[in-house]
Amino acid sequence: MLDPKYFGEAVGELEAGLKRRNADPALVSRIAELSKSRKALIMQGDALKAKRNQASQEIGALKAKAKSDPAAAAEAERRMVETRAIGDEIKAIDAKLAEVDGEFTNLGLRIPNIPHASVPNGAGADDNVEARRWGTPRQFSFQPLDHVTLGEKLGILDFERAGKLSGARFTLYLGAGATLERALIQFMLDLHTRQHGYREVIPPFMVNRESMTGTGQLPKFEEDLFKTGTADRELFLIPTSEVPLTNIYRDEIIEPGKLPFYLTAYSPCFRSEAGSYGKDTRGLIRQHQFQKVELVKIVEPERSYDELEKMTANAEKVLELLGLPYRTMALCTGDMGFSAAKTYDIEVWLPAQSTYREISSCSNCEDFQARRAQIRYRPEAQGKPRLAHTLNGSGLAVGRTFIAILENYQDEKGRVEIPEPLHRYIEGAPGFVREGSKIWLTG
RNA sequence: GGAGAGAUGGCAGAGUGGUCGAAUGCGCCGGUUUUGAAAACCGGAGUGGGGGCAACCUCACCGGGGGUUCGAAUCCCUCUCUCUCCGCCA
């Protein structure tokens with residue numbers, strides 16, 4: 001949710017921002033109109049309520065006097081009848097206001113964040129701007145296999161039986177595959193908690209509608225979510241642990257000196273992938289359920305852009321330690337997510353496709369989520385509460401990291417070398433073979 | 001799944017339908033006193049919306065939503081959450 005000033009005096013900025021994003025500018029005039037009539041109704045209603053409050057008070061005084069004074073009793077009676085009419089008027093205005101306010105809120109919740117000034121203009125992924133690049137893609141002396149072929153040959157991935165269990169876009173990790181996935185999770189969490197200062201959290205994997213609204217998945221993107229719960233209870237499976245982590249502080253005022261919060265969590269993520277039929281249907285790239293280690297920061301506004309750079313570096317560090325080449329893209333206005341004011345995507349090199357693929361997305365949402373979720377902090381002991389800034393980033397998508405390791409570290413025999421930082425997590429596990437200082441995944 | 005109890009300001013905890021936005025205690029902030037501190041005493045402190053250049057005015061908020069009433073923290077309905085006991089369970 002944007003600052004209400006964008007629906008009133010700063011409506012021009014909103015219009016410009018939405019235009020940059022290629023969003024529907026028709027929204028702007030509608031919300032501005034609603035904002036205006038909302039304020040008018042509030043003024044009318046409040047004036048009447050003030051009148052009624054005063055009358056009620058006077059009636060109270062008259063009633064107190066009425067015991068000894070019959071004239072006061074009659075006067076009270078007369079005033080009550082009179083005031084009842086004000087009540088009817090208030091009721092009518094409140095009903096109108098509820099209608100206008102409902103539409104105002106509903107529309108307001110569907111308007112995306114305004115891009116930061118530093119975000120390049122563009123229509124889609126092709127207009128993203130490369131910020132930096134790390135590592136050199138390996139030269140293969142043989143034709144590298146893709147992770148599907150490799151994984152099935154090694155017996156560590158089974159897409160067919162997963163289909164039997166749950167349908168398309170699900171995967172079974174088996175044996176050394178499951179161990180490698182788990183090792184990656186452990187490695188990422190250890191790095192972020194021990195080196196980067198994040199606090200580890202295991203959040204609920206199902207959340208309520210308020211939480212989904214707080215981070216911006218609802219109301220606009222309900223079809224992207226898996227809904228669950230019971231007949232009398234609605235819950236959603238989280239599409240990312242950004243949702244529970246950011247919502248931890250929903251409706252709270254954080255006391256002075258507590259910020260910043262750095263949080264990290266491993267969680268499965270569930271996405272319906274509606275609208276992506278036929279896209280990335282092969283392999284692990286786009287699944288209904290995948291594993292992710294998430295980074296979330298809640299910070300003071302002045303620091304949020306520095307924190308975004310640091311968070312992006314924290315995610316990049318994972319790839320550097322694993323020796324996986326990547327490039328970091330500053331997303332253009334047309335490719336950014338709903339809640340973000342600025343986003344970096346980190347893309348890892350996948351040799352089988354000779355391409356960089358997204359493995360992390362790090363965003364500063366500024367106060368967009370904080371306003372929806374009412375995440376505030378008190379700058380100093382007696383100070384007024386302010387909205388915090390929230391950031392989130394993948395640190396990293398585990399399944400895609402798994403793909404990158406398989407594809408980048410394969411040899412001509414179809415084995416996969418395990419990068420050194422993972423050794424301590426898989427040492428001695430079945431399906432791995434030590435050879436000098438190297439460990440190979442052999443299935 | 002069954003039975004019961006509860007939800008009030010940072011915390012604890014009062015509150016016959018009528019100056020209750022809310023007593024009191026603790027905590028917090030400012031001051032007096034003190035060499036300094038503590039204690040004591042005095043004073044101040046909620047959040048959001050709307051109007052106003054401002055001082056300030058006004059509305060709403062006692063778990064959420066709805067209702068009764070001239071008037072609701074207080075009465076009614078409903079939902080959510082918490083706690084206790086029984087049952088079941090990783």
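Convention: sequence-line order gives letters A, B, ...; per-chain numbering from 1. Just so it is clear, the model here is predicted, and its values are computed rather than measured.
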Taking the same atom, [atom1], in [N] and in [M], what whole-Å distance lies between them?
| N | M | atom1 | value |
| --- | --- | --- | --- |
| B/A22 | B/C62 | P | 14 Å |
| B/G46 | B/U84 | C1' | 33 Å |
| B/G13 | B/G65 | P | 25 Å |
| B/U69 | B/C76 | C1' | 12 Å |
| B/A23 | B/G87 | C1' | 44 Å |
| B/C79 | B/C28 | P | 43 Å |

N or O in side chain of [X] less than 4.0 angstrom from [N] OP1/OP2:
| X | N | result |
| --- | --- | --- |
| A/N53 | B/C59 | yes |
| A/K49 | B/C57 | no |
| A/N208 | B/C81 | no |
| A/R52 | B/C70 | no |

ask   = Quick one: ring pair (Phe, Tyr, Trp, His ring centres under 6.0 Å) partners of A/F205, sequence neighbours excluded?
value = none

task = Identify whether any heavy atom of A/R84 sits under 4.0 Å from a base atom; if not, whether one sits that close to sugar-phosphate; answer base, sugar-phosphate or nothing.
result = sugar-phosphate

query = Hey, are A/Y262 and A/E307 close enough side-chain-wise for a donor-acceptor pair under 3.5 Å?
reply = yes

task = Could you label the plane-to-plane angle of the A/F170 and A/H288 rings as parallel, tilted or perpendicular, counting under 30° as parallel and over 60° as perpendicular?
result = tilted

Pair pattern of RNA chain B in dot-bracket, where unpaired bases get dots and | marks partners in another strand, Watson-Crick or G-U under 3.5 angstrom = ((((((((.[[[..)..(.....]]].(((((.......))))).((((((....)))))).[[[[[..)....]]]]])))))))....

Dump every N/O contact between nucleotides 46-56 of chain B and the protein below 3.5 Å, one line per pair.
residue: B/U47; atom: OP1; partner: A/R378; partner atom: NH1; Å: 3.3
residue: B/U47; atom: OP2; partner: A/K384; partner atom: NZ; Å: 3.0
residue: B/U47; atom: O3'; partner: A/R376; partner atom: NH1; Å: 3.0
residue: B/G48; atom: OP1; partner: A/R376; partner atom: NH1; Å: 3.0
residue: B/G49; atom: N2; partner: A/D46; partner atom: OD2; Å: 2.3

Test item: A/F236 and A/T228 side chains (from C-beta on) under 4.5 Å apart, heavy atoms = no

